[in-house]
Amino acid sequence: MEYSNVSGGAVGNCKLTTITVATDALSARGIYAVTTKFNSNNQANRVEAYDSTTNSSDYSVSLSYKGDTVFTDANEFFVLDAAKKVKKLITPFDPTDPAGEKAVYDYKYDASNYLTSKTISSAIVPLPLVTFTYTWVGGDLVKVVGIATVGLTPQKILEANLEYDLSKQPKNFMYIFPDGFENFFYLNALDFGKKSTHLLKKITLTYSNAQGTPQGTFTTFITDAKFSTEGYLTEWYADGDSIDPFGIFAGRTLFSYKCN
């Protein structure tokens, strides 16, 4: 069963399936939507992004499973650990050259299943090019730092700080990784460890070039959050900067769920 507001009959566990960027504060009509579809075994099998402003698909991929590997196509796949968490992603460095050099993303978790680090390397030269570290406090991701290790001196290329409303705990919401440019479309399809416990309130993201020179800062505030009677987050309003690559879209965003 699919619920846009997860009310009036939702039973069992509900999974976030659709993120919809709405046109205004009143209409539920979306201008952009990212949808994860699940099969009868509750396993994600397709991810689609649709742009209503052009009436066209922005992204579409089917997921296929073989042992511990999840394929999105012949040139990209995820490897899962024994607990079904993502431990590795192999994907082209250049999306326009899918058969070219591959990037390798390695994900590490602590004993409590929180993501603690991610490294990016080349399949040809397996040495870290960039390392991201994740700091969790009270069940919430509060800081992400990215360090480029290319060259003689490591340089900070990204720092994100996240703040939360500790009075609100949305049930089974989505991951928010400020560095998650490679995995945003799969965050509701695959397991990247535990999710933050509380409602995001503010995020500040500063990025730099490979030489460590700051290039800009994004600051976004989350307001007007609404919940279903079962405690699932159904919408929020993002004020400030839009950080589209990991799901923080400016304005009103609606969240829909599949319940079983």
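Everything numeric here is computed off the predicted structure, so don't read it as measured data.
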Test side chain to side chain contact (heavy atoms under 4.5 Å, CB included) applied to Val142 and Trp136, Tyr134, Tyr164, the passing residue: Tyr164
Contact summary for Ser122 and Val104, nearest pair of heavy atoms: C-CG2, 4.3 Å
Heavy-atom pair of closest approach, residues Pro170 and Leu233: CB-CB, 3.9 Å
Any donor-acceptor N/O pair, Tyr232 side chain to Tyr257 backbone, under 3.5 Å: no
Short side-chain donor-acceptor distance under 3.5 Å, Asn172 and Lys15: no
Modelled atom types, side-chain donor and acceptor of Thr131 and Thr119, under 3.5 Å: no
Ile248 versus Thr220, closest heavy-atom pair with distance: CG2-CG2, 3.5 Å
Test item: Lys102 side-chain N/O and Gly100 main-chain N/O as donor-acceptor pair under 3.5 Å: yes
Chi angles and distances behind the side-chain contact (heavy atoms from CB on, under 4.5 Å) call for Gln155, Thr153: CA-CA 6 Å; Gln155 299 287 353; Thr153 305; 4.0 Å; yes
All pairs passing salt bridge (Lys or Arg N to Asp or Glu O under 4.0 Å) where residues 137-155 contributes a residue, at least two apart: Lys143-Glu159
Point-to-point distance, once rounded to the nearest 0.5 Å, from NZ of Lys88 to CG of Asp68: 11.0 Å
Aromatic ring proximity Phe173/Phe255, centre distance under 6.0 Å: yes
Please tabulate, one pair per line, all N/O donor-acceptor pairs under 3.5 Å involving side-chain atoms of residues 180-192, not counting sequence neighbours.
| residue | atom | partner | partner atom | Å |
| --- | --- | --- | --- | --- |
| Glu182 | OE1 | Lys118 | NZ | 3.1 |
| Glu182 | OE2 | Tyr107 | OH | 2.7 |
| Glu182 | OE2 | Lys118 | NZ | 3.2 |
| Tyr186 | OH | Tyr59 | OH | 2.4 |
| Tyr186 | OH | Glu76 | OE1 | 3.0 |
| Asp191 | OD1 | Tyr175 | OH | 3.3 |
| Asp191 | OD1 | Gly193 | N | 2.7 |

Where Pro178 and Leu141 come nearest, the two heavy atoms and their spacing: CD-CD2, 4.3 Å
Donor + acceptor pair across side chains of Thr206, Thr217 (<3.5 Å): yes
Ring-face cation contact, Tyr109 with Lys85, 6.0 Å cut, 45° max: yes
Shortest non-hydrogen separation from Gly146 to Phe132 and the atoms involved: CA-CD2, 3.4 Å
Salt-bridge contact Lys37-Glu48 (side-chain N to carboxylate O under 4.0 Å): yes
Euclidean distance, Asn55 CG relative to Tyr50 OH, rounded to 0.5 Å: 4.0 Å
N/O donor-acceptor pair under 3.5 Å between Glu163 side chain and Asn161 backbone: no
